[in-house]
Amino acid sequence: MTKKYITTAIPYMNAAPHVGHAMDYCLADVCARYNRLIGNEVKFQAGTDEHGGKIFRKAKEAGIPVEEYVSRNVDVLKSFLEKLNVSYTDFVRTSDELHKRNVQEIWRKLKEYIYTAKYEGWYCSGCERFITEKEYDENNGLCPDHKKPYERLEETNYYFKVGEFKDRIREAIVSNEMVILPEFRKKEVLKLLDESPDVSISRPKEQLSWGIPVPDDDSQVMYVWFDALSNYITILGYPEKQISDWWPAEVQFVGKDVLRFHAIIWPAMLLGLGLPLPRKLLSHGMVLCDGQKMSKTVGNVVDPIEVIDKHGVDAFRYYFLRHIDTFADSDFTWEKFENAYNNELANDLGNLVQRLAVLVSKNQIDVVDEDIDLDNYREYLKLMDQFEYTKAFDYIWERIQELNRKIDEEKPWEMAKAGKTTELIDCLSVLIRSLLDVSWMLSPFLPETADKINNIFKGKIEPPKTPLFPKN
RNA sequence: CGCGGGGUAGAGCAGCCUGGUAGCUCGUUUGGCUCAUAACCAAAAGGUCGUUGGUUCAAAUCCAACCCCCGCAACCA
């Protein structure tokens, strides 16, 4: 039994989760369930990123103490994970005492790579942040949100020497010591690496009160990325505990938008701590709605809960794992969702289970439990190991279509009418066996459905009272 | 000349690395079947593979130039 540590990016707690957040969790959950299926022991982290000025302001706007504000959002996220049927094993909050203490220790350990420097730039007191020169030029020196002119401001911050580690990071990426998937993202990161400057990792307290204090300096708090990235190891107990059982992570799932932090700053931190780099970084695409990035102003935000409540978790997971590309951006529309649901889940799979169950219920046969022989699943295992989840689905669906075809060709109902019992039983046994294979392969993706199928064909076989995927 | 991805049937995509009759899913049309959730099975229609030029016996595939879309450029999942 091999130990595998799987992580997800921790969402920033300034709003309720939307379908975009589901990507990370769906992918990681499949990976986790798949690993358990083939006999590995899995630690599966999830958590929340709770510090920073943005959250502080949001809480203030809502008129709630910031601790309560984030706690509420954490509850929302947790119930979301439950609804999504995500099998995480550990949950970290960056406001946890243990996390805070450990991050401060991490800071201390990295001290030789931390220095102070002055930063001077354009600043908007409304946004409470610095803006780039380019942004300044584009907006002609006036903040579009606050209609106020930018001010020239200077502040002293702590910086982390990312530059020290660039060569080693590049080497690790090129040699696949740290694999970045997909390949085109790897190229992107290698390019970005050249231009990566040292990063600021603190802010003056007056500007950012909601954060972890910098050790031995009351005037500064940590910048959120330093705080947030550390979660992957503070949850394991680092540096208080030995973490070599679980670290390095087998795979860290991140959105393409945060890949740069995970592929450059995070490895720099790890190298500074003398820890190994994660084995794989998987960067997935974004979910678009009607071809556009989701945004409240456009009004195209899809509420994942609505989808789940309407058609069930597995329908949701199915759509996001098969029809949202694992690596590239893809589109969610209700039309596409309904299509996939009706054609693929209800007609192909649901109806197959139904017709087979009915056939067998009229001619009861015992299904013998057979041990899974992984050799029969080589193609599937290969795709799963490469995170080719949409292709794995294609493969499974070919099996499903094959079964439907086979039933049509062999016409077991005619065997029944003709009284050819032996032939009939042989035929049905083979069909059921194949369907259970399908169910096995499906189980990391659609755990509920796989369970239902297994239960139908266990003991006395009866067609399910309600279809697997009812149409409406 | 910032970087990256892409332009293939009505839609969504594969094929391109390793040139050789253009493929998949959905949709459309027709036929078959009746065990099944009006489901399932079979067949058909539908493409000058972004444009132009080059290499080659042969180019969606290799090379060059150009056009058009879409992401990214320090906190956006």
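Throughout, a chain's letter reflects where its sequence line sits, starting with A, and its residues are numbered from 1.
B:rC26 and B:rC35: their P atoms are spaced 25 Å apart (whole Å). Distance noted for atom P between B:rU55 and B:rG46: 34 Å (whole Å). B:rA58 and B:rG19 have their P atoms separated by 15 Å, with the value rounded to a whole Å. Taking atom P in both B:rC49 and B:rU8, one finds a spacing of 11 Å when rounded to whole Å. Rounded to a whole angstrom, the distance from the C1' atom of B:rC40 to that of B:rG5 is 40 Å. As rounded to the nearest Å, B:rC13 and B:rU18 have P atoms that lie 26 Å from one another. One P atom belongs to B:rC72, the other to B:rU30, and the distance between them is 46 Å to the nearest Å. Atom name C1', nucleotides B:rA45 and B:rG2: the rounded distance is 47 Å, in whole Å.
Ring-plane geometry between A:Phe387 and A:Tyr389 is classed as perpendicular, the angle between the planes exceeding 60 degrees on a 0 to 90 degree scale with a lower cut at 30. Note: A:Phe332 and A:Phe320 have parallel aromatic rings, judged against thresholds of 30 and 60 degrees for the angle between ring planes. Note on ring orientation: taking the six-membered ring where Trp is involved, the planes of A:His323 and A:Tyr319 are tilted (angle from 30° to 60°). Ring geometry, A:Tyr115 versus A:Tyr159: the interplanar angle falls under 30°, so the pair is classed parallel (tilted spans 30 to 60°).
Under the 6.0 Å cut-off for aromatic ring centres, A:Trp397 and A:Tyr318 qualify, their centroids lying closer than that. A:Trp107 has its ring centre less than 6.0 Å from the ring centre of A:Phe226. A:His21 and A:Phe80 have their aromatic ring centers separated by at least 6.0 angstrom. Remark: aromatic rings of A:Tyr5 and A:Phe44 are distant, center separation not under 6.0 Å.
In terms of modelled atom types and a separation under 3.5 Å, the side chain of A:Thr156 and the main chain of A:Ala117 share no donor-acceptor contact. Judged by distance alone, with hydrogens and angles left aside, the side-chain atoms of A:Arg185 form no donor-acceptor pair with the main-chain N or O of A:Ser283 at under 3.5 Å. A donor-acceptor contact shorter than 3.5 Å links the side chain of A:Thr8 to the backbone of A:Gln45.
Listed nucleotides: B:rA74, B:rC26, B:rC33. Nearest to the side chain of A:Trp413: B:rC33. Looking at the side chain of A:Glu344, the nearest of the listed nucleotides B:rU25, B:rC35, B:rG71 is B:rU25. Taking every side-chain heavy atom of A:Leu359 into account, B:rC35 is the closest of B:rA77, B:rC35, B:rA74.
Residue A:Lys391 qualifies as open at atom NZ: its count of foreign heavy atoms under 6.0 Å is 12 or below.
With salt bridges taken as basic N to acidic carboxylate O contacts below 4.0 Å, none links A:Asp227 and A:Lys100.
Contacts of A:Lys186 with the nucleic acid, taken as non-hydrogen atoms under 4.0 Å apart, are absent. Counting non-hydrogen atoms under 4.0 angstrom, A:Val353 reaches nothing in the nucleic acid. A:Pro197 comes within 4.0 angstrom of a nucleotide base, judged by non-hydrogen atoms across all strands.
The residue among A:Leu192 and A:Gly255 whose nearest nucleotide of RNA chain B lies closer to the 5′ end is A:Leu192.
Atom CG in A:Asp257 sits about 12 Å away from atom C1' in B:rG71, given to the nearest Å. If you take NZ of A:Lys411 and P of B:rC35, they are 12 Å apart, rounded to a whole angstrom. Between the C1' atom of B:rC24 and the OH atom of A:Tyr395 lies a distance of 17 Å, rounded to the nearest Å. Rounded to an integer number of Å, the gap from A:His262 NE2 to B:rA77 P is 14 Å. Note: CG (A:Leu81) to P (B:rA77) measures 16 Å, nearest angstrom. Separating the CG atom of A:Asp331 from the C1' atom of B:rC13 is a distance of 13 Å, rounded to the nearest angstrom. In this structure, A:Glu414 places its CD atom 16 Å from P of B:rG32, rounding to the nearest Å. Rounding to whole angstrom units, CG of residue A:Asp394 and C1' of B:rC26 are separated by 13 Å.
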Protein heavy-atom contacts under 4.0 Å, written 5' to 3' over nucleotides 36-45 of chain B as B (base), S (sugar-phosphate only) or - (none), form the string BB-SBSS---
Reading nucleotides 4-11 of chain B from 5' to 3' and marking B where a protein heavy atom lies under 4.0 Å of the base, S where only the sugar-phosphate is that close, and - otherwise, the string is SS------
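Pairing analysis of RNA chain B (Watson-Crick: purine N1 to pyrimidine N3 plus N6-O4 or O6-N4; G-U wobble: N1-O2 and O6-N3; both under 3.5 Å) yields stems of 3 or more pairs at B:2-7 with B:67-72, B:10-13 with B:23-26, B:28-32 with B:40-44, B:50-54 with B:62-66.
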